[in-house]
Amino acid sequence: MQLSHRITHLTGGGSDGWDVFYRARALSEAGEAVIELTIGEHDIRTDPAILRAMDDSARGGHTGYAEVPGVAALRDRVAARVQARSGVPTTRDNVLITPGGQSALFAAHCATCDAGDAALYIDPYYVTYPGTLRGAGARPVPVRTRPEDGFLPRPEDIAAAAGPGAKSLLINTPNNPTGALYDRTTLEGIAQVCRDRDLWLISDEVYDTQVWQGRHLSPRALPGMAERTLVVGSMSKSHAMTGSRCGWIVGPEEAIAHLINLATHTTYGVPGFVQDAALFALDQGDGMEQRVAAPFRRRRALAQRILDRQTAVRLLPPQGAMYLMLDIRATGMSDGDFANALLDAHRIAVMPGESFGQAAAGHVRVAMTVADEVFTRALETLCTFAAGCARPAAG
Ligand code: PLP
């Protein structure tokens with residue numbers, strides 16, 4: 001039987017750049033000791049206190065269908081958090097609770113794009129973006145950034161890509177994979193293009209608690225932007241709750257009302273006990289968020305010290321998120337060849353930059369998601385390996 005074009009072309013057909021990841025997993029499963037620095041999953045588990053709140057809620061009977069828009073108390077809590085951090089008046093009517101940030105991204109594009117509309121996104125990007133936009137029926141249009149700009153987008157490039165039929169722009173700050181934190185000037189430039197070209201702005205802020213340098217600014221707070229911005233948030237990264245699948249969309253009331261309707265016909269909400277656990281977690285305030293973010297802050301500093309001592313690999317110091325972008329162009333190798341050779345030689349798995357778009361060619365992404373000593377050893381080995389690769393080219 002024929003399947004839909006929509007589902008069979010979700011990934012665009014080409015290699016998805018995840019070969020190194022799958023090879024590393026296969027080696028691990030075959031019993032080899034592989035250091036996996038590939039995906040964005042914490043090396044700690046969800047805090048036991050959050051799990052107790054989940055258990056209490058489930059045992060207390062919150063196991064039936066939950067309210068589709070989200071439990072009122074959690075919507076209020078998310079609204080208060082967003083208002084406190086951005087200064088934009090926000091109520092529960094601006095909030096839809098979703099099963100994680102990923103489904104929020106899909107829903108946001110369903111809400112903003114009709115079939116065939118152009119949905120812009122910034123390259124390098126979080127791997128699922130083009131497939132998510134395609135799945136929502138939109139036509140993904142990448143806007144390339146440059147390493148020399150710290151991978152910050154130039155508003156004129158966004159304007160040039162926003163041809164007729166462009167409906168939305170998706171940005172991500174702090175950024176996966178580059179670690180870039182969009183500054184006010186960049187965000188004001190982006191906002192200007194959105195207003196001029198009548199674009200929706202979909203702002204993926206799932207890393208907003210992982211900021212190492214500078215301050216996170218939500219573009220929803222910029223003049224004229226609250227009415228055209230959908231902010232995507234999640235408990236996954238902030239509270240090590242990746243498996244709980246709990247996130248949200250914050251946006252204009254009318255858009256949220258329609259998104260609730262979409263949820264009624266797709267997800268039918270998020271389990272009540274998961275939402276109660278998320279509410280408990282958010283009620284713990286900044287302290288818990290900082291504890292979850294602390295290992296990445298520490299490892300970022302470790303990485304900086306290791307990388308400062310050598311010249312074969314260049315670090316673009318991340319301003320946020322849990323990854324390092326390493327420029328390996330001095331080795332003369334492609335990022336895919338480098339990552340595969342590193343896995344073959346040392347059983348260390350990193351993601352080739354091109355898994356995240358053409359703009360990240362010549363780079364590899366390292367997830368800071370293993371214990372400090374393992375992380376240190378892996379980075380030192382990576383640098384020595386890169387220096388060894390660079391030698392023949394230099395000679
Ligand atoms: N957005 C970005 C930039 C991500 O890196 C991720 C996960 O890695 C997500 C969204 C989705 O997160 P979740 O669906 O777990 O909330």
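Both counts, for ligands and for their atoms, begin at 1 and track the order of listing. In this text, all values refer to a predicted model and were calculated from it rather than measured experimentally. Residue numbers count from 1 along this sequence.
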Chemist: Taking the basic N atoms (NZ, or NE/NH1/NH2) and the acidic carboxylate oxygens, is any pair closer than 4.0 Å for D55 and R59?
Modeler: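 Salt bridge present between D55 and R59.
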Chemist: Should the pair R144-D157 be classified as a salt bridge under the 4.0 Å nitrogen-to-oxygen rule?
Modeler: no
Chemist: Does a salt bridge link R25 with E36, judged by any charged N lying under 4.0 Å from a carboxylate O?
Modeler: yes
Chemist: State which residues pass side chain to side chain contact (heavy atoms under 4.5 Å, CB included) with D56; sequence neighbours excluded, sorted by chain then number.
Modeler: none
Chemist: Any nitrogen or oxygen of Y207 lying under 3.5 Å from a nitrogen or oxygen in ligand 1? Just yes or no.
Modeler: yes
Chemist: If hydrophobic clusters are built from ILVMFWY residues whose side chains come within less than 4.5 Å, do Y323 and V313 share one?
Modeler: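 Per the 4.5 Å side-chain linkage, Y323 and V313 are co-clustered.
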Chemist: To which of D204, T98, I39 does the heavy atom nearest atom 10 (C) of ligand 1 belong?
Modeler: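 The nearest heavy atom belongs to D204.
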Chemist: Decide whether an N or O pair under 3.5 Å exists between G101 and ligand 1.
Modeler: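 Min N/O separation from ligand 1 is below 3.5 Å for G101.
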Chemist: Would you mind running through ligand 1 and noting each atom that sits below 4.0 Å from a heavy atom of S236?
Modeler: 13 (P), 15 (O), 16 (O)
Chemist: Who gets closest to atom 16 (O) of ligand 1 by heavy atom: G40, P99, S234?
Modeler: S234
Chemist: Polar-atom distance check: T242 versus ligand 1, any N or O pair below 3.5 Å?
Modeler: no
Chemist: Salt bridge or not between E289 and R81? Use side-chain N to carboxylate O under 4.0 Å.
Modeler: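 Salt bridge present between E289 and R81.
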Chemist: Using a strict cut-off of 4.0 Å, indicate which atoms of ligand 1 neighbour a heavy atom of G100.
Modeler: 14 (O), 16 (O)
Chemist: Which ligand 1 atoms are under 4.0 Å away from a heavy-atom of Q102?
Modeler: 11 (C), 13 (P), 14 (O)
Chemist: So, using salt bridge (Lys or Arg N to Asp or Glu O under 4.0 Å) as the criterion, who are the partners of R305 when residues are at least two apart?
Modeler: none
Chemist: Where the closest heavy atom to atom 8 (O) of ligand 1 is concerned, which of K237, E41, M241, R245 has it?
Modeler: K237
Chemist: Hey, are E253 and R92 close enough for a salt bridge, meaning a charged N less than 4.0 Å from a carboxylate O?
Modeler: no
Chemist: Which ligand 1 atoms does N172 reach within 4.0 Å, using its non-hydrogen atoms?
Modeler: 3 (C)
Chemist: May I ask you to identify the nearest protein heavy atom to atom 9 (C) of ligand 1, giving residue, atom name and distance to one decimal place in Å?
Modeler: Y126 CE2, 3.4 Å
Chemist: Determine, using heavy atoms of M235 and all atoms of ligand 1, whether some pair is separated by less than 4.0 Å.
Modeler: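 The answer is no: ligand 1 sits nowhere under 4.0 Å from a heavy atom of M235.
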